[in-house]
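Scroll down for the structure; my scribbles are underneath it.
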Amino acid sequence: MDNTILTALIAAGSACIGALIPSLFSYLGKRKEYENDNKAKMEVIRRKAYYEYIEALQRMINVGNRDNFLLLQASTNKLLLYAGSKLSGLINQYYNDIIQKTLQSEPLTLEEQTKYQTDIFNEMRKELGITKEELDIVSMVRAGF
């Protein structure tokens, strides 16, 4: 093969690689930016869903009526979609135990409620990167009226 042709092929290959490398880095940078944006959006959705669940649980504790139960049910379902596997399992188990015990006319004891709530709150905090807290004394606030 002629040296001129070989030199031209090497130069063309180098030019292609030289053009491809910045494009590849640009693509990888945009992909990482896209992933970070999605994580940030999911974080906002999770925080809102966690708060809605806590709010629905508090309403159910304060006034255990059908509307508040349906609100708790809807917020539980939302969390089963957005929460991590451990938190989803805790919430599902808590919800099922509430239903089961209610059907048996044996509501969960204060200790059982406190344990579930502590575990759920701490797992929420863990998923959000917040330190764990003990809720043994506080638990969920019960209406005093």
| Check: Gln73/Asn77 side-chain N/O donor and acceptor closer than 3.5 Å | no
| task | Go through Glu35 and Lys39 one step at a time and tell me if the salt bridge (charged side-chain N to carboxylate O under 4.0 Å, His left out) criterion holds. | result | CA-CA 6 Å; Glu35 288 172 1; Lys39 283 182 182 179; 6.0 Å; no
Taking the side chain as every heavy atom from C-beta outward, state whether [X] and [Y] have any atom pair closer than 4.5 Å.
X      : Y      : answer
Leu128 : Arg47  : yes
Gln100 : Glu106 : no
Ile120 : Tyr50  : no
Asn122 : Lys126 : no
Lys115 : Thr118 : no
Leu71  : Glu55  : no
Met124 : Leu79  : yes
Phe69  : Met60  : yes

| request: Take Lys101 and Glu112 through the test side-chain contact (heavy atoms from CB on, under 4.5 Å) and record every step on the way to the result. | output: CA-CA 11 Å; Lys101 293 280 190 161; Glu112 290 171 318; 3.9 Å; yes
Does [X] belong to the same Ile/Leu/Val/Met/Phe/Trp/Tyr cluster as [Y], with side-chain heavy atoms less than 4.5 Å apart forming each link?
X      : Y      : value
Tyr51  : Ile61  : no
Leu80  : Phe121 : no
Leu108 : Ile54  : yes
Val44  : Leu87  : no

Calculate, to the nearest 0.5 Å, the distance between atoms [atom1] and [atom2] belonging to [X] and [Y] respectively.
X     : Y      : atom1 : atom2 : value
Ile99 : Gln104 : CD1   : CD    : 11.5 Å
Glu43 : Asn38  : CD    : CG    : 13.0 Å
Gln58 : Gln117 : CD    : CD    : 8.5 Å
Arg59 : Ser75  : CZ    : OG    : 10.0 Å
Ile91 : Asp119 : CD1   : CG    : 11.0 Å

| task | List, by chain and then residue number, the residues other than Leu81 in its hydrophobic cluster (Ile/Leu/Val/Met/Phe/Trp/Tyr, side-chain heavy atoms under 4.5 Å); write none if there are no others. | result | Met42, Ile45, Tyr82
| Which heavy-atom pair separates Ala83 from Ser88 by the least distance, and what is that distance? | O-OG, 3.3 Å
| Taking Asn68 for the side chain and Gly64 for the main chain, is one N or O donor matched with an acceptor at less than 3.5 Å? | no
